[in-house]
Amino acid sequence: DTTWYSSETTYREVPLWGKHYFGDLQIFFGWVADPRPYFNGLIPPIPPFGLSYYSLLIFWGPRIALIMYFALAVLFSALVVHLWLKTESLSSQATAYCALVLLNTSALMGIDRGNILLILMPIVGFLFFKTLNLQHLGRFEAFLLASAISLKPYLLLLLIFFIIERKYRFAFQTILIGSACNLIAIPIFGGHPIGIVRSIFREQSKYSNSDYLE
């Protein structure tokens with residue numbers, strides 16, 4: 001599962017565990033090592049605030065980043081299973097966790113690729129839990145959703161759910177916080193803000209063209 005690496009970046013493509021590369025992580029580790037990732041060849045499909053999380057993840061090196069990725073994926077998924085089934089026995093919670101994560105083909109494929117969704121979906125589950133249980137959604141929850149959207153832009157569609165649930169203030173806070181965080185993160189990766197926005201939209205638009213769909 002090797003991936004690309006660029007002569008423009010200081011990051012070297014290396015196996016992270018044995019002979020395994022964990023492709024998605026490698027790609028983003030390569031991007032954050034590039035001083036101008038939005039203007040060199042393959043463009044990151046996520047905005048700067050999302051890309052900055054990968055900078056934090058790889059701060060101590062790629063192999064430590066892999067350990068942190070595993071730890072976060074296990075922790076977040078375990079917490080959300082416990083939250084949804086907190087009235088059930090520990091054995092029931094453990095069974096559900098095995099079914100949803102440890103024995104789930106989609107989850108295992110996500111781990112194989114180093115997919116960040118294994119961390120984001122428990123966050124989404126947490127926000128859904130609070131909404132459906134009529135609990136308050138404040139600025140912290142808005143920051144969580146803004147972070148998730150910055151890491152996977154199509155999660156912006158989740159705002160439809162919160163609007164339907166009449167969480168208008170929460171939806172507005174999410175947009176405001178997400179915009180502010182991305183504006184702050186832009187200088188980290190070089191280039192003009194408008195140029196970065198254009199690059200992201202240009203990269204995202206390829207997912208709808210006929211060649212890509214084929």
Side-chain angles (χ1 to χ4, degrees), residues 22 24-25 28 45-59 64-182 184-185:
F22 297 90
D24 287 357
L25 289 178
F28 284 96
I46 64 175
F49 184 49
L51 202 59
S52 66
Y53 276 103
Y54 286 96
S55 297
L56 293 174
L57 194 63
I58 202 174
F59 184 79
I64 297 297
L66 179 65
I67 295 172
M68 292 174 62
Y69 163 77
F70 282 148
L72 289 171
V74 170
L75 176 63
F76 277 56
S77 56
L79 285 176
V80 80
V81 169
H82 172 71
L83 181 68
W84 280 99
L85 301 176
K86 61 182 179 181
T87 59
E88 303 294 332
S89 66
L90 184 60
S91 61
S92 296
Q93 293 182 31
T95 301
Y97 183 76
C98 288
L100 292 171
V101 181
L102 301 182
L103 300 177
N104 185 312
T105 304
S106 297
L108 294 177
M109 288 179 65
I111 291 173
D112 179 69
R113 292 300 301 168
N115 197 320
I116 205 72
L117 270 177
L118 291 171
I119 297 171
L120 301 185
M121 293 316 294
I123 292 175
V124 171
F126 168 70
L127 297 176
F128 274 35
F129 177 87
K130 295 199 72 171
T131 301
L132 297 175
N133 285 275
L134 305 179
Q135 297 181 17
H136 176 68
L137 296 175
R139 285 188 290 269
F140 174 70
E141 287 80 11
F143 176 79
L144 287 179
L145 183 55
S147 299
I149 292 170
S150 295
L151 285 160
K152 291 289 183 180
Y154 58 78
L155 294 180
L156 186 65
L157 294 172
L158 292 176
L159 289 180
I160 297 173
F161 166 77
F162 294 105
I163 291 172
I164 291 173
E165 293 293 324
R166 300 184 179 181
K167 300 291 184 181
Y168 307 119
R169 181 183 177 88
F170 173 72
F172 176 74
Q173 286 180 330
T174 299
I175 294 171
L176 191 63
I177 291 173
S179 299
C181 289
N182 275 289
I184 293 171

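Please read all numbers here as calculations on a predicted model, not as lab measurements.
- Leu118 approaches Ala107 most closely through the heavy-atom pair CD1-O, 3.7 Å.
- Taken from OH in Tyr53 to CG in Leu120, the straight-line distance is 9.5 Å, to the nearest 0.5 Å.
- Considering only heavy atoms from C-beta on, Ile111 comes within 4.5 Å of Phe70 through its side chain.
- The side-chain heavy atoms of Val74 and Tyr97, taken from C-beta on, include a pair separated by under 4.5 Å.
- Across all non-hydrogen atoms, the minimal contact from Ala96 to Leu85 is CB-CD1, 3.4 Å.
- Between Pro153 and Pro47, the closest heavy-atom pair is CG-CD, 4.0 Å.
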Leu144 vs Phe140, side chain to side chain contact (heavy atoms under 4.5 Å, CB included): CA-CA, chis, key distance, verdict | CA-CA 6 Å; Leu144 287 179; Phe140 174 70; 3.6 Å; yes

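- Counting heavy atoms from C-beta outward, Ile46 and Ser150 have side chains that stay 4.5 Å or more apart.
- Asn133 contributes no side-chain N or O that, together with a main-chain N or O of Gln135, makes up a donor-acceptor pair within less than 3.5 Å.
- Side-chain contact between Ile163 and Tyr168: present, with at least one pair of heavy atoms (C-beta onward) separated by less than 4.5 Å.
- Contact annotation: the side chain of Phe162 approaches that of Leu127 to within less than 4.5 Å [non-hydrogen atoms, C-beta and beyond].
- The shortest side-chain heavy-atom distance between Phe170 and Leu145 falls under the 4.5 Å cut-off.
- A salt bridge (Lys or Arg N to Asp or Glu O under 4.0 Å) check over residues 128-150, counting only residues at least two apart or in different chains, returns the pairs Lys130-Glu141.
- We find the CD1-CG distance between Ile175 and Leu156 to be 7.0 Å, quoted to the nearest 0.5 Å.
- Within the 4.5 Å cutoff, the side chain of Arg113 has no heavy atoms near those of the Met109 side chain.
- Heavy-atom neighbours of Phe59 CZ from other residues, nucleotides or ligands within 6.0 Å: at or below the threshold of 12.
- Heavy-atom minimum distance, Pro122 versus Leu117: CD-O, 4.1 Å.
- Side-chain contact between Asp112 and Leu108 is absent, with no heavy-atom pair separated by less than 4.5 Å.
- The side chain to side chain contact (heavy atoms under 4.5 Å, CB included) search around Phe161 returns Phe128, Thr131, Leu132, Glu165, not counting sequence neighbours.
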Go through Tyr54 and Leu151 one step at a time and tell me if the side chain to side chain contact (heavy atoms under 4.5 Å, CB included) criterion holds.
-> CA-CA 9 Å; Tyr54 286 96; Leu151 285 160; 3.7 Å; yes

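- At distances below 3.5 Å, at least one donor-acceptor pair connects side-chain atoms of Asn182 with backbone N or O atoms of Phe49.
- Atoms SG and CG, from Cys98 and Asn104 in turn, are 11.5 Å apart once rounded to the nearest 0.5 Å.
- One finds the CZ atom of Phe76 at 6.5 Å from the CD1 atom of Ile119 (value rounded to the nearest 0.5 Å).
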Side chain to side chain contact (heavy atoms under 4.5 Å, CB included) between Leu79 and Leu83, worked out | CA-CA 6 Å; Leu79 285 176; Leu83 181 68; over 6 Å; no

Would you please test Asn115 and Lys152 for side chain to side chain contact (heavy atoms under 4.5 Å, CB included) and show each step?
-> CA-CA 11 Å; Asn115 197 320; Lys152 291 289 183 180; 3.8 Å; yes

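- Summarising the geometry, atom CG belonging to Leu102 is positioned 7.5 Å from atom OG belonging to Ser77; distances are rounded to the nearest 0.5 Å.
- Summarising the geometry, atom CG belonging to Leu90 is positioned 9.0 Å from atom OG belonging to Ser92; distances are rounded to the nearest 0.5 Å.
- Looking at residues two or more places apart in sequence or on another chain, you find no ring pair (Phe, Tyr, Trp, His ring centres under 6.0 Å) involving Tyr69.
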